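Everything numeric here is computed off the predicted structure, so don't read it as measured data.
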Amino acid sequence: MTTYFSEPQSMYYRFGEDQDQVLKVLAERYIGANAQADFVYRVFQKSGILQNEKGLYDLNLSKRFPDAPKDHISYAAALVWGDEDRNLDVLVRCYGPVRFYFNEQMIYRSTVMDEISPDATVKLSIDIKPGWNSIWLEMKNTPAGFGCQFGSDEGKVRILNVYAPFQERQGQAGWVFSQPNPATSKQPDLLGKESDVSLNWLPETGWSDEDKTKPAFERIFGNLAGKHAYAWTHLNNNDSTGNAVRLSGQSSGSLSIWISGKPVAQVKEAGPFEVDVPASFGRSDLLVRSECNDTAKPWHFNLNATVSGKPLSLELPQRVHGASGESWLYVGPFESEVGPDLADLTRTDLVYQTGLEQTYWRLDRPDAWIRPYYENAMLSNKWTVGSVTNYGRWDYPLGVTVYGLLRTGRYLQRPDITRYAAEHVQACTQMYEYSLWDREQYGFPAINQQLVMLKMLDNCGSFGSAMLEAYSECHEPTFLPIAERIADFMLSRLERQEDGAFYRTCVGEYAENTMWADDLYMSTPFLVRYARVTGNSTALDEAARQFSLYRKYLFMPEFKIMSHVYDFKYGQATQIPWGRGNGWTLFSLTEVLEALPTEHPERPALIDFFNELCEGYVALQGESGLWHQVLNVPQTYEEASCTAMFAYGFARGVRFGWFKDPEVYVTAAERAWKGLICKAIDRQGSVHGVCSGSRYAFTAEYYDQDLRTVTNDNHGIGIMMLAGTEVAKMKKHLAEHSVSSPAVSHS
């Protein structure tokens, strides 16, 4: 029997059968461990190294240096931060000879075959240590090519954020790369000074001598008569007397000034200006609109603020790492008849329509933009979760977590819990339009990677379902347009077999031409909620139909359970009933059955299928109340997330009246929940015994030996909360109704 902690450390030992306390501790531990940390904003230069659609940094130096002499060498350098020890798989695709050093140790030297084959991809494993880790690429120019592509394997899931080395660029995002050199250089101290290194590094961080002679608006935007732009800063008023603030300066054309959204000054003509304005104590948004009226004169303004002759400081209105010494953000240029709403201008979650194009905030530096990054939780290729927060990430395990928090908050009547869950979703969706623009500008988005690079059900279904579940909490306007895009993907663009069954093409990948039981969860709960919110019955019909189709491919009638995967390459199912894959199936089937009208033609068959599956699952429950990692192989370890899903499904079946003989499932659900609070949930609310994210295999050994358990994995936290709420509702239902004739409850 699997043991993760001693009996006195268990949730059962601490709280016994007090289900509300268990749920409260689970939710509060998760929220306490995952603070509401926003995205991190950094300086990024678009003239630097960009990513391609796969997330690989494209260091094609033949395009950068078309006249570089043969055998000259360029270097690229970057820093990677580690909060803790983690392992990451990286990919290298060579254009020419490459050497890769990680933390000053050579990890890879390209072979001739790597260099001449255009499709050759080398996968390497690196161990990221706590603190700063250095990447150093040495690339030689040959007639065959110059440079490489470099990045993490499955970049939209395993994010590799790189930061500029050297003290002068501290806090900036992106690589530095050198002009080609005839001789080999040793790796310098990447945490030292750039000025101490003899190489010439790009991108340039300072303006040219010619540009330095121009005012800020002109060197950023050019000299564009008839257009306008905005500058935004924070006015830091440290005067408590209530005296007026004096704004003074010069402008090349008409100027409009707002403080805290209120118009305070209008300068109609070029020249000096001086105006006294009210400004409250503390920091206030100061916004300036400048018109370019005359191309014969430099486009500019300057502004100083004083109170009683004492200067006030101006500060960046958004914390931007790498922007030391800057006070203003700039956006534009806008066509004369175009302009954003004033209320939208002091925000960083929007892109702005300038006419036919869109733009975003930038700095008074060469091609330098502010760019938000997701820097909270970093997942390794072993799916271990670090100690940093998951807040603001869009991925499918977190979809289950958010759903669990929403249901738990409602059950406990804790609006603080539901609000936290809804705000996690909003953190993603409110930046959605920006993240689409970010991908267009830089090749690969720095936030919302999985939502933007929408190619699989994993990327959208689970979190999309949680998003729609949260809609009743906040009615966030960004939710429905995203739901429309996800629905269009599922219903119109997703890969299908000839009979209409969803499956994965994944050409050239390990999962090529396969169907996964998991994808019932990645699709049908979203379709159910989309139908509920929009009234689109086609989505609900599709959800019901997928269960009938998946049964045809994956059902194992001798055990009445589901194979994890059907592999169309071999024309057969793997016949390995992975626990969580079956859990996803039962979990999702209850969501569809709850939504299907009584008269729906698919309902009788799905009720029968539900009963078949539950018969199969209940027969395989272990003595401890838990199920095994491979359901029909009792030698495999006991696994917590599938146990929670079966408890969830059984409890809902009892409560909604779907069972022909409910008594056995009442007992099984209660045994499962007790097993979880005795063996999988400790008294601090940490969740143990949850299998890491899975690939697939034709052998049980892979699931048992290669997929080990992870503590506080997001595949298991939310479902523990969902199981707890459903078992509690079942008990309440049974207290109010007889078991032999349960009434349907929709609470």
Side-chain angles (χ1 to χ4, degrees), residues 38-60 63 78 91 93 149-163 172-175 203 318 320 331 347-354 356-363 367-376 378-379 392-396 398 425-461 463-464 467 478-479 481-490 493-494 506 509:
D38 202 355
F39 302 113
V40 177
Y41 288 79
R42 296 188 181 275
V43 176
F44 183 81
Q45 291 179 265
K46 192 179 176 183
S47 54
I49 303 299
L50 305 183
Q51 290 169 276
N52 63 20
E53 63 178 8
K54 298 290 187 181
L56 299 179
Y57 295 96
D58 193 358
L59 294 99
N60 189 338
K63 292 182 178 179
L91 304 179
R93 295 176 180 170
Q149 296 178 16
F150 182 93
S152 65
D153 187 20
E154 298 183 84
K156 67 183 179 182
V157 176
R158 298 166 182 91
I159 302 165
L160 178 64
N161 289 326
V162 298
Y163 307 101
Q172 298 179 23
W175 297 78
Q318 170 70 50
V320 181
V331 67
R347 296 172 59 175
T348 55
D349 59 348
L350 296 175
V351 289
Y352 301 99
Q353 199 72 37
T354 62
L356 298 177
E357 298 179 348
Q358 292 180 314
T359 193
Y360 190 63
W361 294 102
R362 55 193 301 180
L363 294 160
D367 206 19
W369 303 74
I370 71 167
R371 192 177 182 193
Y373 285 83
Y374 177 79
E375 295 184 5
N376 289 344
M378 300 298 184
L379 303 187
R393 181 177 175 90
W394 175 293
D395 70 11
Y396 86 80
L398 283 169
V425 183
Q426 288 172 299
C428 300
T429 64
Q430 289 173 352
M431 293 293 286
Y432 176 61
E433 291 297 329
Y434 168 82
S435 58
L436 293 176
W437 180 85
D438 188 284
R439 179 187 60 175
E440 292 177 1
Q441 297 301 305
Y442 308 123
F444 194 81
I447 58 174
N448 285 342
Q449 288 89 352
Q450 295 189 56
L451 174 60
V452 173
M453 312 300 289
L454 187 55
K455 294 183 179 179
M456 296 176 65
L457 288 169
D458 280 18
N459 301 151
C460 60
F463 205 95
M467 175 184 71
T478 56
F479 286 4
I482 295 172
E484 291 291 345
R485 180 171 182 249
I486 295 171
D488 176 66
F489 171 72
M490 285 192 193
R493 296 185 286 120
L494 185 64
C506 297
E509 300 179 14

Open item on the list: So L50 and F44, do their side chains get closer than 4.5 Å, heavy atoms only?
Closed with: yes
Task: Minimum-distance pair of heavy atoms, taken over all atoms of Y374 and G392 - done: CE1-C, 3.7 Å
Task: Pairwise distance CZ(R371) to CD(Q441) - rounded to 0.5 angstrom - done: 9.5 Å
TODO: Kindly indicate, with the supporting measurements, whether the criterion side chain to side chain contact (heavy atoms under 4.5 Å, CB included) is fulfilled by L494 and L457.
DONE: CA-CA 8 Å; L494 185 64; L457 288 169; 3.5 Å; yes
Open item on the list: So which atom in P445 and which in D438 form the shortest heavy-atom distance, rounded to 0.1 Å?
Closed with: CA-OD1, 3.3 Å
Task: From R362 atom CZ to D367 atom CG, the distance as rounded to the nearest 0.5 Å - done: 6.0 Å
Task: Pairwise distance CD1(I486) to CE(M467) - rounded to 0.5 angstrom - done: 4.5 Å
TODO: Go through the structure and list residues passing ring-ring contact (aromatic ring centres under 6.0 Å, His included) with W437, not counting sequence neighbours.
DONE: Y360, W369, Y434
Task: Nearest heavy atoms of I49 and D58, plus distance in Å - done: CG2-O, 3.8 Å
TODO: Of all the heavy-atom pairs spanning M490 and G461, show the shortest one and how long it is.
DONE: CE-CA, 3.6 Å
Open item on the list: Let me confirm one number: the CE-CD1 distance from M431 to I447, rounded to the nearest 0.5 Å.
Closed with: 3.5 Å
TODO: Can you spot which of L451, V351, V452 makes a side-chain contact (heavy atoms from CB on, under 4.5 Å) with L436?
DONE: V452
TODO: Return the set of residues passing salt bridge (charged side-chain N to carboxylate O under 4.0 Å, His left out) with R485 (not counting sequence neighbours), or none when no residue passes.
DONE: none
Task: Pairwise distance CD(E440) to CD(E357) - rounded to 0.5 angstrom - done: 10.5 Å
Open item on the list: Could you measure the distance from the CZ atom of F479 to the CD atom of Q426? Nearest 0.5 Å is fine.
Closed with: 5.0 Å
Task: side-chain hydrogen bond (donor to acceptor under 3.5 Å, both in side chains) between E375 and N161, worked out - done: CA-CA 8 Å; E375 295 184 5; N161 289 326; 4.6 Å; no
Open item on the list: Taking the basic N atoms (NZ, or NE/NH1/NH2) and the acidic carboxylate oxygens, is any pair closer than 4.0 Å for R493 and D488?
Closed with: yes
TODO: Please report the closest heavy-atom contact between F463 and C428, naming both atoms and the distance.
DONE: CZ-SG, 4.2 Å
TODO: Give me the one residue out of F150, W175, F444, Y442 that meets ring-ring contact (aromatic ring centres under 6.0 Å, His included) with Y57.
DONE: W175
